[in-house]
Colleague: 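Below you'll find the structure I mean.
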Amino acid sequence: MELSKNYLPAATEEKWYQHWLHQKYFNSSIDDRPAYTVVIPPPNVTGVLHMGHTLNETVQDILVRKARVSGFNACWVPGSDHASIATESKVVQMLKEKGIDKSTLSREAFLEYAFEWKEKYGGIIYHQIAKLGCSVDWDRTTFTMDDHYYKAVIKVFVDLYNKGLIYRGARMINWDPAAKTALSDEEVEYKELQGKLYHLRYQLANDIEPLSGQYITIATQRPETIMGDTAICVNPSDERYAHLKGLFAIVPLINKKVPLIFDEYVDPTFGTGALKVTPAHDINDYNLGLKHQLEVVDTLNADGTLSAAAQIYVGEDRFAARKKIIIELNEKGYLLKEEEYTTRLGYSQRSGAVVEPRISTQWFVKMKEMAEPALKAVVDGDVKIHPGDKFLATYKYWLENVKDWCISRQLWWGQQIPAWYAPDGSLVVAETREEAFDQFKMQNVQCSIEEVIQDEDVLDTWFSSWLWPMEVFKGISNPEDNKEIEYYYPTSVLVTGQDIIFFWVARMIMAGMHYNHQKPFSDVYFTGMVRDKQGRKMSKSLGNSPDLLDLIDKYGADAVRFGIMISSPAGNDLLFDEASLEQGRNFNNKLWNALKLVKMWQGRTSTGIANESGNTSQINPNETSQFAIQWFQNRLNKARTDLESLYSQFRLSEGLKNIYSLIWDDFCSWYLEWVKPGFEQPIDNAVYEKTVFFFEELMQILHPFMPFITEEIYHLLAEQKDDLCVKQFTSIPAADSGIIEEGELLKQVITALRDARIKNQVKPKDVIQLHIQTQQPEVYKPIENILAKQVNANAIFYTNETIANTIVVAVEKDKFYIESELQIDTAALKAELLKDLEHQQNFREAVNKKLNNERFVLNAKPEVVDFERKKLSDAEARIKVLTESLSNF
RNA sequence: GGGAGCAUAGCUCAGUUGGUUUAGAGCAUCUGCCUUACAAGCAGAGGGUCCGCGGUUCGAACCCGUGUGCUCCCACCA
């Protein structure tokens with residue numbers, strides 16, 4: 001079969017993915033093996049995979065594929081998240097483009113559109129996950145709004161309510177005036193910008209009348225909220241204002257009289273030291289209001305326009321009203337000055353609107369008692385975080401200072417809150433309308449079942465995702481006699497971004513500890529954030545986030561996986577650069593070309609010693625290959641052992657680097673060159689088979705990282721009865737470090753001789769004779785042929801004395817003389833040797849200094865001292881060799 | 001304001017409880033090669049005050065202190 005010049009990924013990837021699916025390799029069902037379970041962090045159903053997902057999915061696939069071939073029953077559950085706010089705002093946008101206003105639709109009609117949208121776009125992410133080669137069990141695909149999942153969420157709400165862990169309350173929350181919904185603290189993003197601080201004067205009054213000519217000046221960024229003022233506050237220790245006790249201030253424009261209050265909260269050094277208190281529109285003012293029992297006047301509507309309570313500019317948008325109010329305040333002499341001021345404003349992560357602090361009735365989860373077991377699980381090491389030291393402190397701090405979780409959202413897309421209201425306003429919480437009605441009856445509330453009204457709001461998306469590791473196995477909706485949850489839970493490892501440690505990771509641990517009395521996963525692997533080359537966060541608005549499918553088209557999925565993994569140690573941010581994908585593609589070609597070489601040998605094998613290389617030849621060429629084979633076998637064993645250890649530490653990029661270098665350098669550059677027969681010469685059959693075997697083993701260890709090309713090459717190398725995808729790793733024989741060291745020596749000699757050839761202008765084609773002066777010729781005998789071939793020598797001799805008119809090279813304790821027809825540049829050669837000698841002498845000095853230090857010899861471990869002595873004697877031997885060589889000049 | 005982390009070659013990073021031949025890799029750079037697997041390649045090479053200062057130690061890239069610079073998280077002062 002003719003192999004293409006370069007590796008062509010597209011068709012290969014499609015072919016193998018279909019084959020794996022067809023063989024049901026990714027499907028998991030309960031059996032006797034231990035389970036290795038991973039649940040995918042469900043991406044937003046309407047989203048596309050960005051580079052962050054690509055990294056996450058690749059990491060998970062590597063771990064899952066590795067587990068699958070290491071005796072585990074690997075189960076990777078895919079799925080997606082309904083992402084209430086993000087999806088709803090996309091659907092609203094889509095409807096708007098069609099000329100449909102959401103407010104004209106019934107809830108049912110809107111949800112129909114939303115599900116249609118989900119069907120249409122929800123498949124995109126699954127397609128991308130498949131393209132990347134992810135070995136997920138597609139039969140287990142779960143969506144957070146699936147029937148059983150929906151029921152589970154409702155069930156948990158009712159259960160927590162009955163346990164007193166969910167309550168309804170009026171609270172200051174973050175309000176998104178564009179999406180008209182409450183946001184959790186985590187959904188608010190703060191941005192710094194240049195604002196203005198307006199100094200306004202309020203006339204003072206006693207309880208009867210205004211005090212003419214007496215004012216107090218406050219500073220505010222939000223003059224449009226003055227109509228909501230219900231007090232002016234100063235610090236009790238502030239002497240400037242001490243005399244104002246018992247007085248009132250008159251709010252400009254609306255002439256409302258509000259009391260002056262005193263509280264430590266006010267910073268006398270900020271602004272004027274006097275603060276207007278607007279409990280309805282500022283979280284701190286709200287708290288002050290609670291403390292001093294102030295009236296709450298909400299001057300804004302849900303959409304951010306001024307409400308009737310504002311009295312003026314009613315119905316105008318808050319920002320438009322601000323401009324007009326500033327003008328009016330100025331005209332009427334209330335505005336004393338404007339000051340430039342840098343402030344931080346909260347923006348909705350979803351809609352981008354400026355968030356408005358607002359009082360409203362919302363549902364909350366009490367976090368304190370749920371947090372305790374979740375904290376303990378991590379602190380005790382039951383759940384291990386990687387990299388640990390980096391995130392443990394953050395996790396602890398958040399859980400120790402956790403605040404109640406606002407879980408209601410004023411949306412339609414999501415699980416509707418199972419709270420029911422009777423016409424008289426009484427409230428019950430129940431899974432169904434019928435149950436709610438029964439409860440009302442028991443409470444003697446008079447109503448018909450049709451009159452029962454369900455809460456309009458839906459639940460926060462995270463209130464469904466926190467059940468993910470359990471409910472994908474129906475552990476919540478069907479907890480009794482559920483073999484699946486017993487077998488697959490707790491899951492093995494969770495791979496996710498560090499940015500959702502609170503949103504999701506902590507809450508999953510809480511839910512898991514609460515409902516299963518078990519951790520949801522044993523290990524958490526945090527990937528870093530993917531940034532662009534300049535270190536900027538990848539984002540749509542910057543346009544610096546490449547399209548995954550384009551990248552796969554351009555480089556192939558294996559190259560994308562390689563590129564994203566090669567430079568992403570756990571928890572560290574990763575600067576994404578297409579150059580690393582190029583490196584991945586080049587690596588594919590390297591593998592492909594090695595395959596072409598080995599395939600050339602197929603059918604050109606011979607047995608025994610027929611291989612007549614002709615040059616040096618007291619040595620059996622087969623014996624030479626024996627060295628190469630033994631060396632590589634041990635090198636491979638060593639690498640595999642190292643790799644296992646890296647896997648157990650989740651140091652995957654390190655592992656990939658090791659395999660890359662093992663294949664490119666040790667296998668291709670050294671081993672294949674060593675066993676390569678001469679031009680049009682046959683290769684020994686045993687050597688050929690061993691080479692194929694090594695190649696297969698290399699493909700096997702690389703397979704979790706680059707599944708497609710490895711499976712392809714594995715099958716092209718030989719007729720195979722199995723597939724790499726499920727071929728089990730064998731146990732690793734111990735590596736013989738002696739032969740590995742011998743190989744290192746050989747490499748070192750070859751490199752030194754090649755270097756000497758180049759420095760002395762010996763052309764690659766010029767043939768040389770090599771003379772070796774050594775105490776241990778037996779070391780070189782078995783590798784003579786390799787050495788000769790690699791340095792283009794046609795003969796190797798052993799000598800006990802200096803050879804004149806040659807290039808001298810010293811390696812370790814041995815000397816090598818390169819004899820060629822060329823004129824030797826003795827001056828350059830001498831300089832080279834002198835440089836080496838100086839280096840060695842300096843080195844000897846350093847070691848000597850150490851050994852002459854009595855305290856070192858006394859205190860250091862004996863093996864360290866011994867090692868220093870060996871270093872010294874080695875250095876001295878080399879100095880002797882160099883000095884001898886130099887004496888010939 | 002509170003907390004965490006990082007600083008090693010031009011760039012991105014390894015360096016596993018302080019000693020392992022006076023610091024390693026990939027990419028980039030330079031030199032020479034179209035050598036019958038591979039120019040998306042081969043063979044070589046150069047390149048570092050391990051951020052500054054101080055300390056602990058026989059010995060520090062590694063431990064401690066301190067300064068500087070960067071990053072992230074939390075809290076959100078009108």
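The sequence lines fix the lettering, A, B, ..., with proteins before strands; numbering per chain opens at 1.
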Colleague: Using a cut-off of less than 4.0 Å, is there contact between a side-chain N or O of A/Arg585 and OP1 or OP2 of B/rA40?
Modeller: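 Checking A/Arg585 against B/rA40: no side-chain N or O falls below 4.0 Å of OP1 or OP2.
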Colleague: Calculate the interatomic distance between A/Phe576 atom CZ and B/rU12 atom P; express it in whole Å.
Modeller: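 Spelled out: CZ on A/Phe576 to P on B/rU12 is 16 Å.
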Colleague: OP1, OP2 of B/rG41 versus side-chain N and O of A/Asn586: anything below 4.0 Å?
Modeller: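 The answer is yes; a side-chain N or O of A/Asn586 sits under 4.0 Å from OP1 or OP2.
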Colleague: Without decimals, in angstroms, what is the distance between A/Asp263 CG and B/rA78 P?
Modeller: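 Checked: the CG to P distance equals 17 Å.
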Colleague: With a non-hydrogen cut-off below 4.0 angstrom, is A/Asn853 in contact with a base, only sugar-phosphate, or nothing?
Modeller: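 Sugar-phosphate contact only.
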Colleague: Counting any heavy atom closer than 4.0 Å, what does A/Asp267 reach on the DNA or RNA strands: base, sugar-phosphate only, or nothing?
Modeller: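 Base contact - A/Asp267 has a heavy atom under 4.0 Å of at least one base atom.
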Colleague: For A/Arg651 and B/rG15, is the shortest distance between a side-chain N/O and OP1 or OP2 below 4.0 Å?
Modeller: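 True: A/Arg651 side-chain N/O within range (under 4.0 Å) of B/rG15 OP1/OP2.
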Colleague: Checking all strands, does A/Trp601 fall into the base, sugar-phosphate, or nothing category for heavy-atom contacts under 4.0 angstrom?
Modeller: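 The answer is nothing, as A/Trp601 stays clear of every strand by at least 4.0 Å.
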Colleague: Examine B/rA78: is either OP1 or OP2 under 4.0 Å from a nitrogen or oxygen in the side chain of A/Tyr341? Give yes or no.
Modeller: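 Checking B/rA78 against A/Tyr341, a side-chain N or O does come within under 4.0 Å of OP1 or OP2.
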Colleague: For the aromatic rings, using the six-membered ring if either is Trp, is the centroid distance between A/Phe562 and A/Phe587 under 6.0 Å?
Modeller: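 Centroid distance A/Phe562-A/Phe587: below 6.0 Å, so yes.
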Colleague: What's A/Ala579 touching, base or sugar-phosphate or nothing? Going by heavy atoms closer than 4.0 Å.
Modeller: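 The answer is nothing, as A/Ala579 stays clear of every strand by at least 4.0 Å.
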Colleague: Base, sugar-phosphate, or nothing for A/Asn401, non-hydrogen atoms under 4.0 angstrom?
Modeller: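 Here A/Asn401 touches no strand at all.
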Colleague: Any N or O donor-acceptor pair linking the side chain of A/Glu673 to the base of B/rA43 at under 3.5 Å?
Modeller: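 Flag unset: no donor-acceptor pair detected.
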Colleague: Using the benzene-type ring in the case of Trp, are the ring centres of A/Tyr334 and A/Tyr202 under 6.0 Å apart?
Modeller: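 Centroid distance A/Tyr334-A/Tyr202: not below 6.0 Å, so no.
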Colleague: Are OP1 or OP2 of B/rA78 and a side-chain N or O of A/Thr278 less than 4.0 angstrom apart?
Modeller: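 For B/rA78, OP1/OP2 do not have a side-chain N/O of A/Thr278 under 4.0 Å.
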Colleague: For a quick check of understanding: with a heavy-atom distance under 4.0 Å over all strands, which category does A/Arg757 fall into, base, sugar-phosphate or nothing?
Modeller: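 No contact at all - A/Arg757 keeps every heavy atom at 4.0 Å or more from the nucleic acid.
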Colleague: Considering just the side-chain nitrogens and oxygens of A/Lys765, establish if one lies under 4.0 Å of OP1 or OP2 belonging to B/rC33.
Modeller: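 Checking A/Lys765 against B/rC33: no side-chain N or O falls below 4.0 Å of OP1 or OP2.
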Colleague: With sugar-phosphate meaning primed atoms plus P, OP1 and OP2, does A/Arg878 contact a base, only sugar-phosphate, or nothing at under 4.0 Å between heavy atoms?
Modeller: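 Nothing, no heavy atom under 4.0 Å.
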Colleague: Checking side chain to side chain donor-acceptor pair (under 3.5 Å) against A/His281, which of A/Thr225, A/Thr299, A/Asp229 comes through?
Modeller: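 Among A/Thr225, A/Thr299, A/Asp229, the one that satisfies the side chain to side chain donor-acceptor pair (under 3.5 Å) with A/His281 is A/Thr299.
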Colleague: Within the 4.0 Å heavy-atom criterion, would you say A/Leu575 contacts the bases, only the backbone, or no part of the nucleic acid?
Modeller: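 Since only primed, P, OP1 and OP2 atoms lie under 4.0 Å of A/Leu575, the category is sugar-phosphate.
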Colleague: In terms of side-chain geometry, is the basic nitrogen of A/Lys747 or A/Asp666 positioned less than 4.0 Å from the acidic oxygen of its partner?
Modeller: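 A/Asp666 and A/Lys747: salt-bridged.
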Colleague: Looking at A/Thr272, I'd like to know whether one of its side-chain N or O atoms comes within less than 4.0 Å of OP1 or OP2 on B/rA78.
Modeller: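 So the side chain of A/Thr272 is outside the cut-off, no N or O lying under 4.0 Å from OP1 or OP2 of B/rA78.
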Colleague: Both distances below 3.5 Å, Watson-Crick or wobble geometry, any strand: find the nucleotide opposite B/rA4.
Modeller: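 Paired with B/rU71.
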Colleague: Does any donor-acceptor pair link the side chain of A/Lys590 with the base of B/rC38 at a separation under 3.5 Å?
Modeller: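 Yes, a donor-acceptor pair under 3.5 Å.
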Colleague: Looking across every strand, which nucleic acid part, if any, lies under 4.0 Å from A/Cys233 by heavy atom: base, sugar-phosphate, or nothing?
Modeller: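 The residue A/Cys233 makes no contact with any strand.
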Colleague: Taking only the P atom of each, what is the distance from B/rG24 to B/rU68 in whole angstrom?
Modeller: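 That atom pair is separated by 34 Å.
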Colleague: Reckon A/Gln583 has a side-chain N or O less than 4.0 Å from the OP1 or OP2 of B/rG26?
Modeller: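 The answer is no; no side-chain N or O of A/Gln583 sits under 4.0 Å from OP1 or OP2.
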Colleague: Check every strand shown and say whether A/Gly563 touches a base, only sugar-phosphate, or nothing at a heavy-atom separation below 4.0 Å.
Modeller: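 No contact.
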Colleague: Is A/Lys871 side chain donor-acceptor paired with the B/rU20 base, going by distance under 3.5 Å alone?
Modeller: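 Per atom types, no contact qualifies.
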Colleague: When the distance from CD1 of A/Ile713 to P of B/rC38 is rounded to whole Å, what number comes out?
Modeller: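 Going from CD1 in A/Ile713 over to P in B/rC38 covers 15 Å.
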Colleague: Do NZ/NE/NH1/NH2 and the carboxylate oxygens of A/Arg585 and A/Asp558 come within less than 4.0 Å?
Modeller: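 The answer is no: the pair does not qualify as a salt bridge.
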Colleague: Under 4.0 Å, counting only non-hydrogen atoms across every strand here, what does A/Tyr660 touch: a base, just sugar-phosphate, or nothing?
Modeller: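 The answer is sugar-phosphate, as A/Tyr660 gets under 4.0 Å only of primed atoms, P, OP1 or OP2.
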Colleague: Verify the contact: side-chain N or O of A/Trp664 to OP1 or OP2 of B/rC42, cut-off strictly under 4.0 Å; return yes or no.
Modeller: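 Yes, because at least one side-chain N or O of A/Trp664 sits under 4.0 Å from OP1 or OP2 of B/rC42.
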Colleague: Kindly indicate whether the side chain of A/Asn589 and the base of B/rA40 share any N or O donor-acceptor pair separated by less than 3.5 Å?
Modeller: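 Indeed there is one.
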